[in-house]
Amino acid sequence: MNKFYKSSVLLVVLQNLSLGSNIQVEPQIQTSPRKLQLPRGDTAVFECQVAHLGDRHIVWRRGYDVLATERMVLSPDPRISVHVDRELFTLSIQNIGNQDRGEYVCQISTISGSSNLISVEHSLDILVAARVESVPESAYLTLQEDEDAVLECKVSGNPAPTVTWEKQGSSKVLLGSSCAGGSCVVIKHVQRSDSGVYMCTADNGVGSPHTATIFLTVQYQPQIRIESKQKPLDQGRARLECEILGEPRPTVAWYRDQTKLQASPYIKFQESGNTHVLLLSDPTTTSFGNYSCVAKNLLGDAREFIEVHGRPSSLMFSTDESKPTRNFYLLAWEVISPTPILEYRLLYRRISKVELTETYEGTDWTNVIIPGPELQEGFSKKRMSWNLEKLEREADYECLIQARNEYGWSLPSNMFTFNTALKSYPSAASQGLSWNLKNERSGVGSDPVTMLYLLLCAAIVLNFSC
């Protein structure tokens with residue numbers, strides 16, 4: 001005997017318990033079927049509005065399991081309760097969960113018996129907030145450069161969540177695709193720039209969005225960047241810097257030629273982030289030589305060389321001390337050298353220039369050797385000036401300079417451009433001339449015409465004297 005037959009027999013028994021029943025109007029269920037979608041933990045309430053129930057009884061069932069009559073709970077589940085308000089019958093289930101998903105039926109037997117049943121069927125769907133978990137659960141993924149990265153999140157929730165991907169600190173859009181049990185992002189041939197924190201966010205409108213984090217680390221062999229391959233010894237000191245990158249973080253050592261350096265009163269090591277520093281403070285010239293920083297990790301090693309030398313350095317022109325005149329120019333410069341400067345080499349030329357009415361051709365380079373001063377101190381900044389003569393008036397020039405000491409020539413300075421002074425005339429006031437608009441009774445300058453004549457003569461005389 002199946003469960004459906006049992007529930008029908010129960011309805012007939014309940015109906016026969018009504019004594020003295022006469023012909024009755026057929027009952028009508030006036031409630032329409034409803035689809036309830038509720039989150040876990042809520043209370044589900046099913047209604048059954050019945051007209052002309054009379055002495056008949058209703059039954060609440062789920063599938064073939066009878067849960068309750070209109071006033072009596074038959075299920076052992078303590079979360080279930082029933083309530084009657086005149087013709088409105090309700091079945092309530094508290095603290096609903098996934099196990100409560102399904103169809104719930106309010107059923108009445110008619111006068112003609114179990115073969116004629118009327119009912120209304122409600123459905124319950126449990127809404128589950130989106131949840132996402134990183135794969136693997138550790139959330140850490142380590143690869144080497146040029147390998148393919150698969151970032152994966154396992155996603156759950158009802159209704160099915162939408163999933164978005166992003167990289168922390170980047171505006172780049174990441175497109176995820178469906179994979180077993182969730183969502184995936186594939187990065188082909190990963191590079192070190194792909195390292196970072198990736199976030200997988202799931203949202204289905206139930207509760208708040210949920211996010212999982214994946215930490216991607218891309219390993220690569222050490223790389224070294226240096227500012228310059230040559231470093232002068234400045235007042236007995238030198239600071240050598242190497243910016244070292246690598247994953248895993250490399251170990252770093254400093255060498256002079258093939259000898260590994262150890263800390264001493266004259267040798268110190270510093271480290272700040274990726275920058276590694278070697279400080280030399282030997283007041284003698286014994287620090288000159290070839291130095292190198294060596295970085296190693298499990299993927300390889302790298303080495304960069306820096307020469308510490310005594311040649312002149314930091315050679316630059318001083319714009320504050322350089323002065324132009326009509327056909328010569330006073331050049332001033334400064335240089336750092338541990339030993340006296342033996343000589344300077346100055347190269348200059350006129351620059352071609354195109355104006356509205358004519359074109360000025362440039363000239364070839366002129367080479368001038370300038371001897372160093374006789375009296376010079378040791379490790380110090382040295383200043384020097386030189387007067388370039390026989391220049392053309394109102395012309396543009398460019399020049400550069402080198403310095404030599406006992407260890408050799410410096411690198412050339414940056415190009416310096418200058419212009420010879422424009423032609424200028426003394427003002428009338430500086431010549432003791434004035435314009436007197438008052439009509440004086442006496443004096444040579446009282447007549448404006450005479451004053452104009454004198455001014456013109458003065459201008460002519462000045463022009464011929466220039």
Side-chain angles (χ1 to χ4, degrees), residues 39-41 98 126-227 241-253 269-277 293-304:
R40 283 186 296 191
N98 289 339
I126 306 300
L127 300 180
V128 181
R131 186 158 189 85
V132 61
E133 297 178 4
S134 60
V135 179
E137 292 183 5
S138 65
Y140 287 90
L141 182 61
T142 301
L143 299 170
Q144 294 183 9
E145 277 191 322
D146 290 325
E147 291 184 326
D148 294 342
V150 180
L151 311 181
E152 183 177 353
C153 282
K154 186 166 65 174
V155 181
S156 61
N158 184 45
T162 57
V163 181
T164 57
W165 287 86
E166 62 179 323
K167 182 183 179 184
Q168 193 175 74
S170 173
S171 58
K172 183 179 179 181
V173 177
L174 299 175
L175 299 178
S177 59
S178 297
C179 56
S183 178
C184 295
V185 166
V186 178
I187 304 175
K188 294 285 189 180
H189 308 294
V190 293
Q191 302 299 311
R192 69 196 67 176
S193 58
D194 295 316
S195 294
V197 180
Y198 291 81
M199 291 170 289
C200 169
T201 302
D203 185 14
N204 63 355
V206 181
S208 301
H210 190 243
T211 300
T213 301
I214 298 176
F215 300 87
L216 174 61
T217 301
V218 179
Q219 295 181 334
Y220 56 97
Q221 64 184 22
Q223 290 189 345
I224 302 177
R225 289 199 284 257
I226 59 175
E227 184 180 357
E241 293 187 6
C242 286
E243 182 185 3
I244 299 176
L245 305 175
E247 184 60 45
R249 185 175 179 83
T251 59
V252 179
F269 306 106
Q270 292 181 352
E271 181 179 342
S272 177
N274 295 324
T275 302
H276 295 257
V277 180
C293 52
V294 178
K296 296 181 180 180
N297 68 8
L298 59 86
L299 299 180
D301 56 74
R303 187 175 199 145
E304 283 290 344

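Here the straight-line distance linking atom OH of Y140 with atom OG1 of T217 works out to 8.5 Å at 0.5 Å rounding. Note that the CD atom of E152 and the CD1 atom of I214 stand 8.0 Å from one another [nearest 0.5 Å]. Here F215 contributes atom CZ and S195 contributes atom OG; the two are 13.0 Å apart, rounded to the nearest 0.5 Å. Annotation: the span from L143 atom CG to E247 atom CD amounts to 11.5 Å, rounded to 0.5 Å. Expressed to the nearest 0.5 Å, how far SG of C179 lies from NZ of K154 amounts to 11.5 Å. Between the CD atom of E147 and the OG1 atom of T142 there is a distance of 10.5 Å, given to the nearest 0.5 Å.
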Task: Derivation and outcome, side-chain contact (heavy atoms from CB on, under 4.5 Å), residues E304 and E243 - done: CA-CA 10 Å; E304 283 290 344; E243 182 185 3; over 6 Å; no

TODO: Give the intermediate values and the outcome of side-chain contact (heavy atoms from CB on, under 4.5 Å) for residues V135 and E133.
DONE: CA-CA 7 Å; V135 179; E133 297 178 4; 5.9 Å; no

Task: Verdict with reasoning, Y198 to L216, per side-chain contact (heavy atoms from CB on, under 4.5 Å) - done: CA-CA 7 Å; Y198 291 81; L216 174 61; 3.8 Å; yes

Task: CA sep, side-chain torsions, deciding dist, call: C242, R225, side-chain contact (heavy atoms from CB on, under 4.5 Å) - done: CA-CA 6 Å; C242 286; R225 289 199 284 257; over 6 Å; no

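Looking at every heavy atom in both residues, L174 comes nearest to K167 through CD1-N, 3.8 Å. Closest heavy-atom contact between N204 and A130: OD1-N, 3.3 Å. Minimum heavy-atom separation, C153 to W165: SG-CH2, 3.5 Å. In plain terms, the two heavy atoms of H276 and I244 that are nearest each other are CD2-CD1, 3.8 Å. Of all heavy-atom pairs spanning V132 and H210, the tightest one is N-ND1, 3.0 Å. In terms of heavy-atom proximity, L298 sits nearest to P248 at CD2-CG, 3.7 Å.
The pair K188-E145 does not meet the salt-bridge criterion, since no charged nitrogen lies less than 4.0 angstrom from a carboxylate oxygen.
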Sequence neighbours left out, cut at 3.5 Å: what donor-acceptor pairs do the side chains of residues 156-163 make with other protein atoms?
residue : atom : partner : partner atom : Å
N158    : ND2  : D125    : OD1          : 3.1
N158    : ND2  : D125    : OD2          : 3.4
N158    : ND2  : I126    : O            : 2.6
T162    : OG1  : D203    : O            : 3.2

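D146 and Q191 are linked by a side-chain donor-acceptor pair at a separation below 3.5 angstrom, with hydrogens and angles left out of the test. When only modelled atom types and interatomic distance are considered, T211 and T201 share a side-chain donor-acceptor pair under 3.5 Å.
At distances below 3.5 Å, not a single donor-acceptor pair connects side-chain atoms of N297 with backbone N or O atoms of R249.
Enclosure of atom CD in E137 is not indicated, since only 12 or fewer non-hydrogen atoms of other residues, nucleotides or ligands lie within 6.0 angstrom.
No side-chain heavy atom of C184 sits less than 4.5 Å from a side-chain heavy atom of L151.
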